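Counting starts at 1 for both ligands and their atoms, following the listed order. Computed from a predicted structure; not experimentally measured. Just the heavy atoms: all of them, side chains too, but no hydrogens, waters or symmetry mates, feed the values below.
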Amino acid sequence: MTTTWTQAARTIPRPTQAVIDGVGVEALTDRSFDSIGPRDGEVVATLPACDERDVDRAVAAARAAFADGRWRDRAPAERKAVLHRFADLVDAHRDELALLETLDTGKPIGDTTAVDAPGAATTLRWYAEAADKVYGEVAPTGPGALATITREPMGVVAAIVPWNYPMIITAWKIGPALATGNSVIVKPAEQSPMATLRLAELASQAGLPPGVLNVLPGEGATGAALAAHGDVDKVTFTGSTATGRKVLEAAAASNLKSVSLELGGKSPQVVFADAPDLDAVAEAVAWGIFYNQGQTCHAGSRLVVEDAVADELVGRIAEVARGLTAGDPLDEATQLGALVSREQLERVVGYIDLAGQEGATVVLGGGRSEPVEGGCYLEPTILDHVRADARIATEEIFGPVLVVQRFDGTQDAALHLANGTDYGLAGAVWSADHARAERVAARLRAGSVYVNCFDLGDVTVPHGGFGASGFGGRDKSLHALDQYTELKTTWRSL
Ligand code: ADP
């Protein structure tokens with residue numbers, strides 16, 4: 001099967017133009033950048049690094065589309081129909097989109113075909129359905145007046161997207177933004193632009209009017225120009241905390257555009273000695289950190305485990321990790337692919353190197369591997385006996401590295417460690433004592449909490465976090481509609 005995918009990779013058309021006003025266009029910028037495939041280090045595509053002029057052009061197209069009502073004023077049922085056609089096309093082009101995503105990011109093809117492309121389609125379909133099912137409100141003001149509360153689209157939305165789940169996160173943002181009638185400009189990460197550019201072409205094919213969905217490839221400067229633009233009404237950002245701060249500053253310094261930030265995490269899985277099934281815990285912990293090579297914002301990157309079962313559990317997690325099939329991302333049997341880039345690989349290795357200085361021990365992995373020559377691969381790694389104040393315990397590593405912190409069995413000690421970072425995206429607690437599990441779940445400072453499980457996911461529930469994990473609204477679920485709409489109250493005196 002690898003041969004089939006490698007052959008397909010040789011011939012697949014690689015989108016390289018910005019999409020503005022419904023069509024691929026030559027960018028005005030004279031700068032370009034290479035998207036390097038982490039599978040083998042080869043250049044996957046060379047794309048324009050869209051500059052301020054390109055941003056102006058895309059914003060003007062989005063503004064014109066919004067102003068003349070070609071999308072926002074369509075009946076909700078018509079918007080729904082277009083978004084359904086879009087989702088159907090994503091399904092019909094699943095293999096192509098999955099292959100583009102794998103080439104850009106090094107994710108296993110088995111995941112991009114089974115999770116990323118279908119996940120994007122499911123998300124678009126769910127928000128298509130929301131388009132004609134969300135009602136306004138009548139306020140209980142009393143008989144002398146009638147006040148209605150309605151949602152209005154914000155206008156021009158800039159969606160700045162990272163490289164770890166390019167298609168899915170794009171769908172989380174454009175689904176609710178388009179369903180509610182906005183015009184959108186997506187800025188994919190420089191590591192992973194191709195599937196998103198293809199998505200925009202499919203949206204046009206589905207009948208989305210020109211200017212309603214635009215995609216600008218580029219590096220950080222393209223995102224910065226969008227965040228600072230005076231005619232963008234909203235920026236929805238997923239990425240690092242450092243860049244999130246810059247986006248917020250740019251919004252404050254320009255037109256005070258609305259900002260939503262989703263900024264990663266350092267999520268703990270708290271395991272008490274009475275956890276019902278240690279094998280199930282080991283599976284959930286291993287997959288919770290090693291899936292997508294650990295490059296998941298809510299990855300369970302810290303194991304906070306009661307001393308009494310720590311050795312046993314760490315051993316079982318290592319066993320699960322050894323059983324994972326690491327290899328060529330284009331092999332359907334591969335479960336662990338490449339990290340997204342050489343730079344990211346070096347960053348993660350830097351943290352592993354820090355482990356010794358910080359008094360931790362490497363109990364599994366720690367080394368590079370090279371299933372495909374020239375690629376960016378790392379063994380699944382477990383770092384044990386990590387101090388609460390260590391950088392490896394508090395900073396987001398964003399790689400296949402599990403940090404183990406042990407506690408004495410008391411609830412307070414567990415929570416002290418679990419809540420001991422600035423982040424608050426996700427957390428889990430494992431215990432057969434349901435009352436205790438509920439108490440700990442209630443006190444975990446995180447946007448998503450799991451009890452005796454991890455990483456269940458569905459478009460119906462919100463995604464986002466507390467503290468340094470971001471603010472300003474949630475992705476997914478009907479709550480995401482709040483990110484892309486303003487509330488309007490209209491009074492009538494009776
Ligand atoms: P990472 O460091 O993991 O690559 P970033 O947060 O820098 O994550 O990237 C997430 C997205 O933000 C990418 O699309 C990137 O190009 C974009 N970006 C980078 N710098 C800026 C910036 N100053 N303003 C807006 N967007 C930016």
Engineer: Protein heavy-atom contact under 4.0 Å for atom 12 (O) of ligand 1?
Structural biologist: yes
Engineer: At under 4.0 Å between heavy atoms, which part of Ala227 makes contact with ligand 1: side chain, backbone, both or neither?
Structural biologist: neither
Engineer: Which residue supplies the protein heavy atom nearest to atom 1 (P) of ligand 1, what is that atom called, and how far is it?
Structural biologist: Trp163 NE1, 3.9 Å
Engineer: May I ask you to decide if Gly264's main-chain N or O and Ser469's side chain share a donor-acceptor pair within less than 3.5 Å?
Structural biologist: yes
Engineer: So if I count the atoms of ligand 1 from 1 in the order they appear, which ones are less than 4.0 Å from some heavy atom of Lys246?
Structural biologist: 23 (N)
Engineer: Closer than 4.0 Å to some heavy atom of Val247 - which atoms of ligand 1 meet that?
Structural biologist: 25 (C)
Engineer: What residue pairs, at least two apart or across chains, pass side-chain hydrogen bond (donor to acceptor under 3.5 Å, both in side chains) with a residue in residues 230-240?
Structural biologist: Arg63-Asp231, Arg63-Asp233, Lys173-Thr236, Lys173-Thr238, Lys234-Ser258, Lys234-Ser260, Thr236-Gln483, Thr236-Tyr484, Ser240-Thr243
Engineer: Is there a polar contact, in the sense of an N or O pair closer than 3.5 Å, between Lys187 and ligand 1?
Structural biologist: yes
Engineer: If we ignore angles and hydrogens, is there a donor and acceptor under 3.5 Å between the side chains of Thr102 and Thr112?
Structural biologist: yes
Engineer: Just list the side-chain donor-acceptor pairs under 3.5 Å for residues 353-363, sequence neighbours left out, or say none.
Structural biologist:
from, atom 1, to, atom 2, distance (Å)
Glu358, OE1, Arg391, N, 3.2
Glu358, OE1, Ile392, N, 3.1
Glu358, OE2, Arg391, N, 2.7

Engineer: Can you find an N/O atom of Val161 closer than 3.5 Å to an N/O atom of ligand 1?
Structural biologist: yes
Engineer: Among side-chain atoms of Thr296 and Tyr165, is any donor-acceptor pair under 3.5 angstrom?
Structural biologist: yes
Engineer: Report yes or no: does Phe398 have a heavy atom closer than 4.0 Å to ligand 1?
Structural biologist: no
Engineer: Closer than 4.0 Å to some heavy atom of Pro188 - which atoms of ligand 1 meet that?
Structural biologist: 14 (O)
Engineer: For atom 19 (C) of ligand 1, what's the nearest protein heavy atom and its distance?
Structural biologist: Gly220 CA, 3.4 Å
Engineer: If the cut-off is 4.0 Å to any non-hydrogen atom of Gly239, which atoms of ligand 1 fall inside it?
Structural biologist: 6 (O)
Engineer: Quick one: nearest non-hydrogen protein atom to atom 17 (C) of ligand 1, plus distance?
Structural biologist: Ile160 CG2, 3.7 Å
Engineer: Nearest to atom 21 (C) of ligand 1 by heavy atom, Leu263, Thr243, Val340: which?
Structural biologist: Thr243
Engineer: CD/Glu373 to CG/Asp328 distance, rounded to the nearest 0.5 angstrom?
Structural biologist: 12.5 Å
Engineer: Report yes or no: does Ala242 have a heavy atom closer than 4.0 Å to ligand 1?
Structural biologist: no
Engineer: I want to check a possible cation-pi pair here: Arg72 against Phe66, using under 6.0 Å from ring centre and within 45° of the ring axis as the test.
Structural biologist: yes
Engineer: Where does Glu219 meet ligand 1, judged by heavy-atom distances below 4.0 Å: at the side chain, the backbone, both, or neither?
Structural biologist: backbone
Engineer: Considering non-hydrogen atoms of the protein only, which is the closest contact for atom 15 (C) of ligand 1, and what is the distance?
Structural biologist: Glu190 OE1, 3.5 Å
Engineer: Below 4.0 angstrom, N of the basic side chain to O of the carboxylate: do Glu96 and Arg198 qualify?
Structural biologist: yes
Engineer: If only side-chain N and O atoms count, and only distance matters, is there a donor-acceptor pair under 3.5 Å linking Asp54 with Thr29?
Structural biologist: no
Engineer: Any idea which protein heavy atom is nearest atom 26 (N) of ligand 1, and the distance to it?
Structural biologist: Gly223 CA, 3.5 Å
Engineer: Quick one, Asp56 with His229, criterion side chain to side chain donor-acceptor pair (under 3.5 Å). Give me CA distance, side-chain angles, the key distance, then yes/no.
Structural biologist: CA-CA 8 Å; Asp56 280 344; His229 202 285; 2.9 Å; yes
Engineer: Below 30° counts as parallel, above 60° as perpendicular, anything between as tilted: where do the rings of Phe398 and Trp163 land?
Structural biologist: perpendicular
